[in-house]
Amino acid sequence: MSLEDKLKDFFAMQFEQELLDEIVKIGEIKFYREGEILMDIGDNVDFIPFLLRGVFKVVREDENENEIAIYFLERGDTCASTFVNFLHTAKSPVRAVAETDCEVIMVSTHYFDKWMSEYKSFRDYVIESYNIRLNELLEAIDSMVFMKMNERLLKYLQDKVQVLRNTTLKTTHQQIAFDLNTSRVVISRLLKQLENEGKIRIGRNKIEVLDI
DNA sequence: ACATTAAGTGATT
DNA sequence: AATCACTTAATGT
């Protein structure tokens, strides 16, 4: 599939033909393997990533390396905080790590201004993107503040199943514990509980989610 | 066979 | 829900 087709297929927003042409001409395709970092906390951001294929996990971390997964990015998404960074020339407040192998098209922030004023579809896309991220952020706050760990865990598993489009997750209890910023022991016990409730099935390095 | 890593468990706070 | 201390199970070399 050509790059242009991918852009058309995966991005909900209908970009104008001229904008598509520019993205195709200027953009640089990059591939990330599972586990690789697209952008780390503190990095200067001078590009806008458009996600063509794969899933990124966006993670926040404090100075003691306590981390918490905030949300996942799917194809058609972009890292909205990139826009903030661009406008204020700041450093990335989050880390984006490839959850699967990914294909991304990078565009220098240099073109951002121009596209914002020239293309309505781009403006809409940016605003829409901001909106979605904001909502996901609120959801993340809600789940952290109001939900108990067992509910958070189930939500985490279901979210992951949804973005990965695969009901069998390949992960470890420890990794989940990192993402939810809790301990492995707690996750192991809660997973066992979910299994007893018939909502999941546990295997080594693998969890099958039955209750979607 | 041995070391390493993942997961399970009881007790305590 | 977190932590500790320990066991058991699976996997790699």
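Because only heavy atoms are used, hydrogens play no part in the values below, and waters and symmetry mates are left out as well, while side chains stay in. Reminder, nothing fancy here: chain letters follow the sequence lines and each chain counts from 1.
Ranked by how close their nearest DNA chain C nucleotide is to the 5' end, A:R184 and A:L190 are led by A:L190.
Counting non-hydrogen atoms under 4.0 angstrom, A:S183 reaches a base of the nucleic acid.
OP1 or OP2 of B:dA6 has not a single side-chain nitrogen or oxygen of A:S188 nearer than 4.0 Å. OP1 or OP2 of B:dT5 has not a single side-chain nitrogen or oxygen of A:H173 nearer than 4.0 Å. Within the structure, every side-chain polar atom (N or O) of A:K148 is placed at least 4.0 Å from both OP1 and OP2 of C:dA1.
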Show your working on side chain to side chain contact (heavy atoms under 4.5 Å, CB included) between A:L154 and A:D211 and close with a plain yes or no. CA-CA 9 Å; A:L154 184 58; A:D211 177 19; 4.2 Å; yes
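With A:D43 contributing its side chain and A:V45 its backbone, the two residues share no donor-acceptor pair below 3.5 Å.
Taking atom CZ on A:R204 and atom C1' on C:dT11, their separation rounds to 6 Å, with Å as the unit. C:dA1 atom P lies 10 Å from atom CD1 of A:I187, rounded to whole Å. Protein atom CG of A:L194 is 16 Å distant from nucleotide atom C1' of B:dA7, rounded to whole Å. Look at CZ on A:R189: it is 10 Å from C1' on C:dA1, rounded to the nearest Å. In this structure, CG of A:N181 is placed 13 Å from P of C:dA1, rounded to the nearest angstrom.
How far NZ of A:K30 is from CD of A:E103: 13.5 Å, rounded to the nearest 0.5 Å.
If you look at A:F112 and A:F122, their ring centroids are closer than 6.0 Å.
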